[in-house]
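What follows is a short report on a single structure.
What you see is a predicted model; the values in this text were computed from it and never measured. Just so we're on the same page: letters track the sequence lines, and every chain starts at 1.
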There are 2 protein chains.
Amino acid sequence: MNKRITLKDIAVATGVHVSTVSRALDPKRETPLTDDVVLRIRETADRLGYRPNRIASSLRTQKTMTIGVMIPDITNMIFPPIVRGIESVLEPLGYASIIVNTDSQRGREQRLVEILQDRGVDGIIHTAVLLDDPTIVKAAEAGLPVVTLNRKIEGTRVPYIINDEAAGIEAAFSLLHDKGHRHIAHLAGPRNLSTGQLRLDAFRASAAIRGMNVENLTIVEAAQFDEVDGRRAAEEILIRDPGTTAILCANDRLALGAIDHFRTVGLRCPEDISVTGFNDMPFLNMIPPRLTTVRIQQFEAGAVAARHMASILSGHGEDVPIETILPVLLIERDSVAVPRQA
Amino acid sequence: MNKRITLKDIAVATGVHVSTVSRALDPKRETPLTDDVVLRIRETADRLGYRPNRIASSLRTQKTMTIGVMIPDITNMIFPPIVRGIESVLEPLGYASIIVNTDSQRGREQRLVEILQDRGVDGIIHTAVLLDDPTIVKAAEAGLPVVTLNRKIEGTRVPYIINDEAAGIEAAFSLLHDKGHRHIAHLAGPRNLSTGQLRLDAFRASAAIRGMNVENLTIVEAAQFDEVDGRRAAEEILIRDPGTTAILCANDRLALGAIDHFRTVGLRCPEDISVTGFNDMPFLNMIPPRLTTVRIQQFEAGAVAARHMASILSGHGEDVPIETILPVLLIERDSVAVPRQA
DNA sequence: TTGAAAGCGCTAACAG
DNA sequence: CTGTTAGCGCTTTCAA
């Protein structure tokens, strides 16, 4: 590996001092320099193929131009778009990101925050799932710039971006209700995950404003956001209330599992029972019955988080709103119909 | 943000020299030290909450314990498992990774390699798609440790990991042929992508060994690995050879598109025409007709690449094989049947 | 407008 | 076994 060109090399080549070279190459230069000198330095820098050593620079300036991105699991389809949204704004600004997967494990989360801090990240964008991860809060309180996605951290000035979960659930509930459904069950997500809790609360609220007895609602909680638990919970719902005509599911995978269960017991969706999902994951429209669901803006959420982070890092932290709520969109497809004996 | 503890802080606290502290905290210590001193240092280090400054260390040692991971697009479902495979081995070893998306653009690729080098990555794991990306080859030749996935770089000592594409295509071809298909068309991927070319070559080879006239094969190339192009190419195949009874597709999305096109023209799969895919992407088994496809080992491919990289970085580069071919698995589902008038 | 010098925090060669 | 010293490459104050 050919030795890398350093400022010193350019200095000797042009016959000026390294500090002069440093100044000449600084894009937003403070000190005035002779145009001629600057030109000569720039020219030789290119000629020698100079590339600044970010490590050295980081050590000196205490800025790494790197941000940590914490997500539960990149393998979960909803996160890659978020990541790309983040990079779409951060990369042009010269930032790189280190992505870590927390697997929603508390201990791991803590270790990862430490790893990121050891590497001197300038900030962390944290996509939350667990409702309470003390680690990231502590880091934020210690002064590390933090922006969270999906999770409101009470009592701090940590900016958060969330999708309008409540509006999404309300839209789905409203659709179901308008079609005539009165026995609407909720297949809830894990209660310890923010989205699980939020959507459950929203479901109850939607029922309440329609004068339904919140105590009597059929609500079954899945342990995981996956098809297996969707099947299991759907079965449970049918046992608890055989009169259920529609199930509002906390996400698409649960809905898929539920529909699959119905198939095994001879119920058809939407003829016998209506189902709605949440997320609008890729390829969902190819799986019959095409699921009616709520689309959330993943890419945009990432982009907004990144923009906020960039603002903070450039010293304009006051300008960023603590709360950003992104609108969601109800996607009507084929999994909802009027109830059988309506 | 409370000032970070440095070696110096520990040194003054324990009354020894910083270098002694550095040595005491070095896990694989070369120089012998008094147990007592080591203990005292370790103890105060913990007490003060010391965390080594990797930046400073990197500047000194010229190792960042960071590797660059280049992929076309994290949003493409086949890459997240690869990334997790990589991290599953690298993270426990103390490496972090910077993931960049090339979008399969040549210019971007070059810029990204530079960015990674500026950040002093110890090596790059490069998941290729473009058949010829000169940039990464140059980097490798310049001495940067490189391991590639999906792409054999001729004439270098760059280790590469590939899935046994040829065996996968042969397995699919064989299945079709055994069912009695004699008019097997190939819906090929873009020829400038390694997988597109490899699978096309394998298709021709499979036809050849069965004595079929390679010149007469119906082969239509898609411009993109997506459903839209799958539909378009499927239409073209039917025009070119209406007698086609089976289509071997270069990947699942093309197959999905093809089947969708057949539906619009009133052909059923598999009754009227058989189709096979490649990759076995997530949720494929929920999309009817459940596609018969070839499963590749994504996670494992990433893990192997990472292991090779780790070996190289720890000075055992001679031990890593230049070529690693991972076995694939034919997954038989419902999209293949015996031909209509067989 | 430029040079000199110090130092970010750590490691490693060399003494002792 | 431990201290001294130098320096990785860069930025930034202070002088000139």
Side-chain angles (χ1 to χ4, degrees), chain A residues 1-42 44-45 48-66 94 117-122, chain B residues 1-42 44-45 48-66 94 117-122:
Chain A
M1 189 151 16
N2 344 356
K3 190 182 133 303
R4 272 183 76 139
I5 302 295
T6 72
L7 287 188
K8 191 150 77 171
D9 297 323
I10 301 177
V12 306
T14 53
V16 296
H17 195 264
V18 286
S19 58
T20 308
V21 179
S22 173
R23 287 190 272 253
L25 263 27
D26 186 354
K28 44 160 200 9
R29 174 159 23 96
E30 312 279 87
T31 28
L33 291 186
T34 324
D35 288 356
D36 171 50
V37 169
V38 175
L39 226 68
R40 241 176 50 239
I41 292 176
R42 289 257 167 87
T44 42
L48 300 183
Y50 172 74
R51 305 250 75 212
N53 183 329
R54 271 177 180 284
I55 308 285
S57 163
S58 296
L59 180 59
R60 185 63 234 251
T61 62
Q62 309 285 9
K63 316 207 120 303
T64 52
M65 294 300 281
T66 304
Q117 287 189 296
D118 287 353
R119 290 179 176 276
V121 294
D122 295 339
Chain B
M1 189 152 15
N2 345 354
K3 191 182 132 303
R4 272 182 74 140
I5 302 295
T6 71
L7 287 188
K8 191 149 79 173
D9 298 323
I10 301 177
V12 306
T14 53
V16 296
H17 195 265
V18 284
S19 59
T20 308
V21 180
S22 173
R23 287 189 272 251
L25 263 27
D26 186 355
K28 45 160 199 8
R29 174 159 23 97
E30 312 278 86
T31 28
L33 293 185
T34 324
D35 288 357
D36 170 50
V37 168
V38 174
L39 226 67
R40 241 176 51 238
I41 292 175
R42 288 257 166 87
T44 42
L48 300 183
Y50 172 75
R51 303 250 76 211
N53 183 328
R54 272 177 180 283
I55 308 285
S57 164
S58 296
L59 181 58
R60 185 64 236 247
T61 61
Q62 309 285 10
K63 317 207 117 306
T64 52
M65 293 301 281
T66 304
Q117 286 189 297
D118 287 354
R119 289 178 177 276
V121 294
D122 295 339

Worksheet entry | Residue pairs involving residues 8-25 of chain B (criterion salt bridge (Lys or Arg N to Asp or Glu O under 4.0 Å); sequence neighbours excluded) |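 Listed once each, the pairs are B:Lys3-B:Asp9.
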Kindly write out the residues that satisfy side-chain contact (heavy atoms from CB on, under 4.5 Å) with [X], not counting sequence neighbours, or none if the list is empty.
| X | answer |
| --- | --- |
| B:Asp35 | none |
| A:Asp122 | A:Lys63, A:Thr64, A:Met65, A:Tyr95, A:Leu313 |
| B:Leu39 | none |
| A:Ala45 | A:Ile10, A:Leu25, A:Tyr50 |

Worksheet entry | Heavy-atom protein contacts under 4.0 Å, nucleotides 2-9 of chain C, coded B base, S sugar-phosphate only, - none | BBBBBBBB
Worksheet item: What residues, two or more places apart in sequence or in another chain, satisfy salt bridge (charged side-chain N to carboxylate O under 4.0 Å, His left out) together with B:Arg40?
Response: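 Applying salt bridge (charged side-chain N to carboxylate O under 4.0 Å, His left out) to B:Arg40 gives B:Asp36.
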Worksheet item: What pairs with B:Arg42 under salt bridge (charged side-chain N to carboxylate O under 4.0 Å, His left out), at least two apart in sequence or on another chain?
Response: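 For B:Arg42, no residue satisfies salt bridge (charged side-chain N to carboxylate O under 4.0 Å, His left out) once neighbours in sequence are set aside.
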Please state how far atom [atom1] in [X] lies from atom [atom2] in [N], giving the value in whole angstrom units.
| X | N | atom1 | atom2 | value |
| --- | --- | --- | --- | --- |
| A:Leu25 | D:dT12 | CG | C1' | 16 Å |
| A:Asp9 | D:dG9 | CG | P | 9 Å |
| B:Ile10 | D:dT2 | CD1 | P | 16 Å |
| B:Lys63 | C:dT11 | NZ | C1' | 14 Å |
| A:Arg40 | C:dT1 | CZ | P | 15 Å |

Worksheet item: Where do A:Ile5 and A:Leu48 come nearest, in terms of heavy atoms and distance?
Response: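 For A:Ile5 versus A:Leu48, the nearest heavy atoms are CG1-O, 3.2 Å.
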Worksheet item: So what is the end-to-end bend of the helix from C:dT1-D:dA16 to C:dG16-D:dC1, with 5 pairs used at each end and the value given to 10 degrees?
Response: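 Between the axes fitted at each end of the helix from C:dT1-D:dA16 to C:dG16-D:dC1 lies an angle of 40°.
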